[in-house]
> 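Pasting a structure here, questions to come.
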Number of protein chains: 4
Amino acid sequence: MALDKKNSQKYQLIIDAAVTVIADHGYHAAQVSKIAKEAGVADGTIYLYFKNKEDILVSLFRTKMGGFISAIEERMATCPNAEEKLRQIVHMHFNQFSAQPHLSVVMQLEMRQSARDLRLQINEVLKVYVHLMEDVIKSGKEEGTFSQNLDEKLGRQMLFGTLDEMVTNWVMKERKYDLRDLSKPAFEMLLGAFKSGSLSTDA
Amino acid sequence: MALDKKNSQKYQLIIDAAVTVIADHGYHAAQVSKIAKEAGVADGTIYLYFKNKEDILVSLFRTKMGGFISAIEERMATCPNAEEKLRQIVHMHFNQFSAQPHLSVVMQLEMRQSARDLRLQINEVLKVYVHLMEDVIKSGKEEGTFSQNLDEKLGRQMLFGTLDEMVTNWVMKERKYDLRDLSKPAFEMLLGAFKSGSLSTDA
Amino acid sequence: MALDKKNSQKYQLIIDAAVTVIADHGYHAAQVSKIAKEAGVADGTIYLYFKNKEDILVSLFRTKMGGFISAIEERMATCPNAEEKLRQIVHMHFNQFSAQPHLSVVMQLEMRQSARDLRLQINEVLKVYVHLMEDVIKSGKEEGTFSQNLDEKLGRQMLFGTLDEMVTNWVMKERKYDLRDLSKPAFEMLLGAFKSGSLSTDA
Amino acid sequence: MALDKKNSQKYQLIIDAAVTVIADHGYHAAQVSKIAKEAGVADGTIYLYFKNKEDILVSLFRTKMGGFISAIEERMATCPNAEEKLRQIVHMHFNQFSAQPHLSVVMQLEMRQSARDLRLQINEVLKVYVHLMEDVIKSGKEEGTFSQNLDEKLGRQMLFGTLDEMVTNWVMKERKYDLRDLSKPAFEMLLGAFKSGSLSTDA
DNA sequence: TATGAATGAGACTTCATTCAT
DNA sequence: AATGAATGAAGTCTCATTCAT
């Protein structure tokens, strides 16, 4: 294709405009024309870079969340063990959202209003995160740090569910407190959960 | 006497029709006319019982989730201690969704697409559930079962986030496995988390 | 018909309710159900006394405007000559509207929003008034008081148009001044007009 | 450059289409889609040029009645005195309506069915006409042609009321006679009225 | 006579997408 | 590559009227 879309300057310009518009006006009021205006291009130009409106949103998610997850992935390599990896996931999850309030609103509140099939594509992006989490749990079990009874899938669901709920609550409370302060207690609860799987079955 | 709306037979009929239509066609394709047809009434009749379309959805949530939460509340009274209460919350949360697949789809996937102000009303309904969860955690700390370091709000966020994520995953996997089987391991993880708050701080 | 409609108590009750509702809420917000409520009857009862909504309005106009015109007609008999008749028409037109502010709003502003065919029926009622006015002009010409060149139809159009415009202006100014004060100057202008027809033709 | 709405060709096209449709089908049957079809544009295009349906009607009135009044205003400058000005107002009022039968129906019958707030905007447009009329009367008094007792506001109400009623009658009689023939007698009656104010007060 | 719950047709407006320039 | 005017499908809600009780 003549246009090297993904790397063009305008591609990013439009995605950033979408984040701004959605954060400011909400998902349903984020018309293509508003995004175009914010990006400083004509409505029609959008369609030179994106297939349709949904494609803007998927790309937004892929780009932003992708970077988000990559950063965590990279950090994983530097961690000596599963416990540290878990600590870093929690730490970075909160840190990164904390650093990008606009994006937090868009990801936690607004984009969840999207139609079912957009959500399926979002899940594709999240799959990487899911695998990453499950890998950590698996290695924790292998290391003997986490309970042998810990189910990897359920553990991951608890991990993701907990982080997600905490970020959502923080966004809904209009970010009135520091999300990063939740890092330590959240990690400790999760560690307790992952270590204890066996205890209860002993009973 | 004017229509005793909330208790009339048709009120429930319409809400149940809404659940069916939303589950079958998705939130955005759930036109009022479709709901009316499913309920076997005229379009205009809907507006004798509901202020507008949003009101159908709020009422749906209030009725169904309200019953859901009430059932859990009642059960709480029969539990001797916080640990048992926690077990019952997990158990009943999964059991009730498991028993109402249609409703699960509607609550976990479709209604989250609703506009922001509808979501605010939904949150009002959920507040009762939130308080119930926090009360259990508080009593667990008083009983000495849960860690003294456990933060009630964070504990509740983990509890709700975990259950919610598990139900959502189950729904997205098209309910191919038995949700009730997750009850025991989920409870054990949560119990481990709530007991351990202190452990980590010892370190 | 079993029901002696026009003379029944409820017939008038409903018409008066319509006047009140239209005056208070405006023509377009005057739903049948609102009129029924104001009259203290059920919606369906309206249809025992009136063919349809338009029939309420026509009847309203016929009853109220009919009484209005009858009063003027009766007064005519007591007038010695055309000039005095003209004076009385002006006087009573203003006096009667002045005495019924609610009705003035309904007749001058609200009912003019009615559909074309309702207006045709209204014109039927007004025909009596039109004839009365033309008769006065004719007799004025016969008496020699009014110009022989005065066209009866045009004279009547001026007479009605002038009175109507003055009442409408008064209603639109929210009746902040006394309509009856316009009686004398309006009469004098009209008399001048009717006497002068000849002057201009002399030229 | 953004659409130069008011001066674009389509703006006028749509307004003219509205006149045609309203004249043919009546105010209440004049749906936006019908107007769009008559104008040969898509429904949505209407909304590029007008805020909403009411805006079409207000613009219609402003444009057409505005041109109408401007033409009279210009003619005023060429008149040597108030009597001649009065003659020209009557003459042009009838002439212009006579020349635009469609528009006459719309203005005299159909647009009066409009809701109250549209009527308020219409009155704004008419204010110019009202002032013009009152200025003529004032100058007539200064010249000594009209009675010193003539009230400007009442005189204007008679003038407008008379012209308006005559045009309305003509339209309702389906324009079976030549409106312009009324010009001379109407002027003479009005002149007689305006000159005579004093006579009656002598009495 | 009276009720009032139920009916169902009908229209304005938005906004993602296209395509001639 | 870029523009932006034009398109047109689609859905919520109101309210006059009916009819079983």
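Bear in mind that the values here come from a model prediction, so they are computed numbers and not experimental data. In the text below, chain A, chain B and the rest are named by the order of the sequence lines, each starting its count at 1.
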> Would you say Y47(D) places a side-chain N or O within less than 4.0 Å of OP1 or OP2 belonging to dG8(F)?
no
> Rounded to whole Å, how long is the line connecting atom CD1 of I14(B) with atom C1' of dA6(E)?
11 Å
> Need one value for K37(C): base, sugar-phosphate or nothing, where a base atom within 4.0 Å counts as base even if backbone is also close, heavy atoms only.
nothing
> Hey, does the side chain of Y49(A) come within less than 4.0 Å of dA1(F)'s phosphate (OP1/OP2), counting only N and O?
no
> Between K53(D) and A30(D), which heavy-atom pair has the shortest distance, and what is it?
NZ-O, 2.9 Å
> Can you list everything that forms a side-chain hydrogen bond (donor to acceptor under 3.5 Å, both in side chains) with H25(B)? Sequence neighbours excluded, please.
none
> Any heavy-atom pair between the side chains of L60(C) and M111(C) that's under 4.5 Å?
yes
> So what does V32(D) hit on the nucleic acid, given a heavy-atom distance under 4.0 Å: a base, only sugar-phosphate, or nothing?
base
> Phosphate oxygens OP1/OP2 of dT7(F): is one of them under 4.0 Å from a side-chain N or O of T45(D)?
yes
> Output yes when at least one side-chain N/O atom of K10(C) is less than 4.0 Å from OP1 or OP2 of dA2(E), else no.
yes
> Write down the distance between NZ (K34(D)) and P (dG10(E)), rounded to a whole number of angstrom.
11 Å
> Atom OH of Y27(D) and atom P of dA11(E): how far apart are they, to the nearest Å?
14 Å
> Between dT21(F) and dT1(E), how far apart are the two P atoms, rounded to whole Å?
22 Å
> Inspect the contact between D55(D) and R62(D) and indicate whether a charged nitrogen and a carboxylate oxygen are less than 4.0 angstrom apart.
no
> How many Å lie between NZ on K53(A) and P on dT14(E), as a whole number?
15 Å
> Nearest-nucleotide wise, let me know which of D43(C) and D43(D) is further upstream toward the 5' end of DNA chain F.
D43(D)
> Both distances under 3.5 Å, Watson-Crick or G-U wobble: report the partner of dT21(E), or none.
dA2(F)
> Taking only the side-chain heavy atoms of V41(C) (C-beta and beyond), determine which of dA2(F), dT3(E), dC13(F) contains the nearest atom.
dT3(E)
